[in-house]
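Accompanying notes for the structure given below.
Residue numbers start from 1 in every chain, and the chains themselves are labelled A, B, ... in the order their sequence lines are given, proteins ahead of strands.
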Amino acid sequence: MKLYNWGKSPSIDARLHLADSYSATNSTLNQLSGQPVIPRGNGRCYGDSALQKNVCSTLKLNKLLQLDEVAGVVRLQAGVLLEDLLSVLVPKGLFLPVIPGTRLITIGGAIAANVHGKNHHHAGAFGNYVQSFSLLTADGQVLLCSRTENKTLFKNTIGGMGTTGIVLEATLQLSRIETSYYQQQSYPATSLSHLFELFEQQHTQPYLVAWIDGLASGNKLGRGVLHTGKSCTREDLESQATPNPLQIHPPAKLSIPGIVPSWFLQPIVLRLNNGYYRWSNRKSIQHVKHYASFFFPLDAIKHWNNLYGKKGLLQYQFVLPLSSSLAGITAVLEAVKASRLCPYLVVLKRMGEHAPYAATDFPMSGYSLAIDFKYSPKVLDLFHLLDEIVIQHSGRIYLTKDARLPAAAFRKMYPAAVLHSPQIFRSLQSERLFDL
Amino acid sequence: MPTLLLLGSNSDIGKACAYRFAAEGFDLLLATRTIDEEQQHLAADLRIRFNIQVNTLPFDAENQADHSAFYEQLPQKPDVVLTAIGYLGDPEKARTNQAEATQIINANYAGLVPILDIVAADMTQRKTGTIIGISSVAGERGRASNYHYGAAKAGFTAYLSGLRQHLRPQGVKVITIIPGFVRTKMIGDLPTPGFLTATPQIVANTIYKAYKQQKSVVYTLSTWRLIMLIIRHIPEFIFQRLSL
């Protein structure tokens, strides 16, 4: 079958092996007898991280195994979607300490990509809350890995992009919520340095994310809106007309068909960028949002990647160390501006101190910027230019969003990266990055 | 809370039914030949998601001598009993291999009768309950491609029909579910026409709806009712010349 991920390119003819038990997963590996394979969750990485001629899907390993409500700990299989887990946790006042921008990813994917959210400066990445997991390795063993057992394998799997083996199940530390609502405050910034000032001023807020007007230039370059957020208490909700303080997310109502032409989105984005900035600029706005719209605004629309047309989208997400963030991000925004390509969505996040995990793990203390483009060959040229700026400023790009990084640039960004079982667990992305 | 006894909880339709009835608040008695790790995971998942009681019990339809003890030892008596046991087997092998033929007959018919007789007697005594049996369109007319399976399903359909008549005055309902193609491990990669192929979830929804509305005979995907009506009425002198 044709297989591709969220950005739609590349796509390959692949065999998808759907195993519904641990023994079936093991026999899939045996049957492949040494052919390369990569574990795959819900295919929400953007490029080729979860692609290979043989793909082992965990989507049928979707069982919750144990929930300790008192300790706030859950043991579950790797193919459970965050969406599914949240609908069980939220009514019990439990939540995930780290939530990425979509709820449509699996636990296994969250571990492999060591995903982060808007609270990285506060809570770190997903891996910080993984107590242990069992991993099916290339030699068919199932190993329990934690901070005390099989320590190295534990560390190398978190952010390891699925190259150490197949995570079968995991035990996670949960957090507690009084309500499933968030208080969001918005602050407009007239320039990039202004935005950085606001970030540092609001550093104590648990959630921070900024939208940037990617079309602004000159002394307005990097203008945008910072959103801060914190979980609502019951008291905060009293003035609101919310019948159930622990309401779960609604199902997505809108779906984009795969027939949208690729020119569709650009004129809308151009108008929205300007309009949104002016609208937010009038005053700093405070409102209460449900977690679905606070964390997952894009999940409200199924298949939103279809808005970019048949060829899909390319995202460039990178992180720079704190000291070079302002200079580096300015240079990147200027390069984007000079390319005359349309940046559809630009998002800036602050990352905090980061515990060391795999050598391909993304986060570091500093600022992370993500820019979405419609697929075109010109965008690929621009990305090469951006790679150089990122390397110059000692940064790196997020492999989960990557579909094209050349091997040479990869080695400069991730000098310590190695493949753990290069014959068995490798994706198209590993083949490209490691020149296999 | 009402309780469902699910015979064949390892089948794809069985699993889908477990989730469907659990979502309605049923406690579950999951019965299948071997309680392996996967069954325990299934039970744990159902408990956590739906806050219900779930027990897993070993049950072997072919081991008919044990049926009575199995039923007596249930932690609670069920309000609804659903059989989702089925075995397509190897139809070609069954033509010459007696063991294969016997297994097909036992798993689809002979092995289900003793346990359902026991359930029927208990429900008669309690004057309440519902028995749901999953048969097959294959039981509507014997065909060259799988006549052992078809014959066993025909026997099962006839048994359920008779049981329904017998139990009606006792206030016990018997429901026959007749699926066509279902996308399960039973048919594997066999190519089937999409519009005639249901998913286990569709079958589970049909079953729950049939239970709710206390229907008697329900085809999953209603087109099958028409197709089988036609097939049943093809004169034998033509039918024997067809390859179906």
Side-chain angles (χ1 to χ4, degrees), chain A residues 1 15-28 31 58-94 106-107 133-134 136 142 144 167-172 174 246 248 251, chain B residues 6 8-28 30 32-56 58 84 182-192 194 197 199-205:
Chain A
M1 65 188 291
R15 285 187 58 202
L16 187 81
H17 305 269
L18 266 167
D20 57 2
S21 67
Y22 300 162
S23 52
T25 312
N26 203 350
S27 40
T28 300
Q31 279 159 21
T58 59
L59 282 180
K60 282 201 165 179
L61 294 176
N62 58 358
K63 308 282 185 288
L64 306 175
L65 304 178
Q66 213 173 0
L67 177 61
D68 183 339
E69 291 181 44
V70 181
V73 173
V74 67
R75 186 165 68 87
L76 73 184
Q77 292 184 328
V80 174
L81 292 174
L82 299 194
E83 158 168 277
D84 230 15
L85 178 60
L86 288 178
S87 60
V88 173
L89 295 183
V90 168
K92 301 179 194 293
L94 294 166
T106 62
I107 297 299
F133 51 78
S134 48
L136 176 62
V142 176
L144 184 72
V167 174
L168 298 175
E169 61 178 60
T171 303
L172 309 177
L174 304 169
L246 289 170
I248 66 162
Chain B
L6 178 54
S9 56
N10 193 33
S11 73
D12 289 330
I13 293 179
K15 284 183 219 166
C17 288
Y19 281 91
R20 189 66 190 83
F21 280 80
E24 303 293 337
F26 274 78
D27 289 329
L28 301 176
L30 302 180
T32 186
R33 201 174 310 157
T34 36
I35 307 301
D36 55 9
E37 194 178 45
E38 206 195 330
Q39 277 292 304
Q40 280 159 0
H41 289 165
L42 176 73
D45 190 53
L46 287 160
R47 276 183 211 115
I48 297 172
R49 282 176 201 258
F50 301 104
N51 295 314
I52 53 168
Q53 301 278 335
V54 184
N55 287 286
T56 51
V182 187
R183 201 29 68 218
T184 62
K185 57 195 170 203
M186 185 193 262
I187 64 170
D189 295 331
L190 187 80
T192 55
T197 310
T199 60
Q201 288 71 32
I202 292 177
V203 178
N205 283 336

Minimum side-chain heavy-atom gap Val74(A)-Val88(A) below 4.5 Å = no

Student check: side-chain heavy atoms of Val73(A) and Leu172(A) closer than 4.5 Å = no

Produce the donor-acceptor pair table for chain B versus chain A, cut-off under 3.5 Å.
residue, atom, partner, partner atom, Å
His41(B), ND1, Gln77(A), NE2, 3.1
Asp45(B), N, Leu64(A), O, 3.2
Asp45(B), OD1, Leu64(A), N, 2.6
Arg49(B), NH1, Asp84(A), OD2, 3.0
Arg49(B), NH2, Asn62(A), O, 3.0
Arg49(B), NH2, Asp84(A), OD2, 3.3
Asn51(B), OD1, Lys92(A), NZ, 3.3

ask   = Quick one: are Val167(A) and Ile107(A) in side-chain contact, heavy atoms under 4.5 Å?
value = no

key: From Leu94(A) atom CG to Leu86(A) atom CG, the distance as rounded to the nearest 0.5 Å   = 10.5 Å

note = Rounding to 0.5 Å, atoms CG (Leu81(A)) and CG (Leu59(A)) come to a distance of 6.5 Å

ask   = Relative to chain A, which segment of Leu46(B) carries a heavy atom at a distance below 4.5 Å: side chain, backbone, both, or neither?
value = neither

note = With sequence neighbours left out, the residues meeting ring pair (Phe, Tyr, Trp, His ring centres under 6.0 Å) with Phe133(A) are Phe154(A)

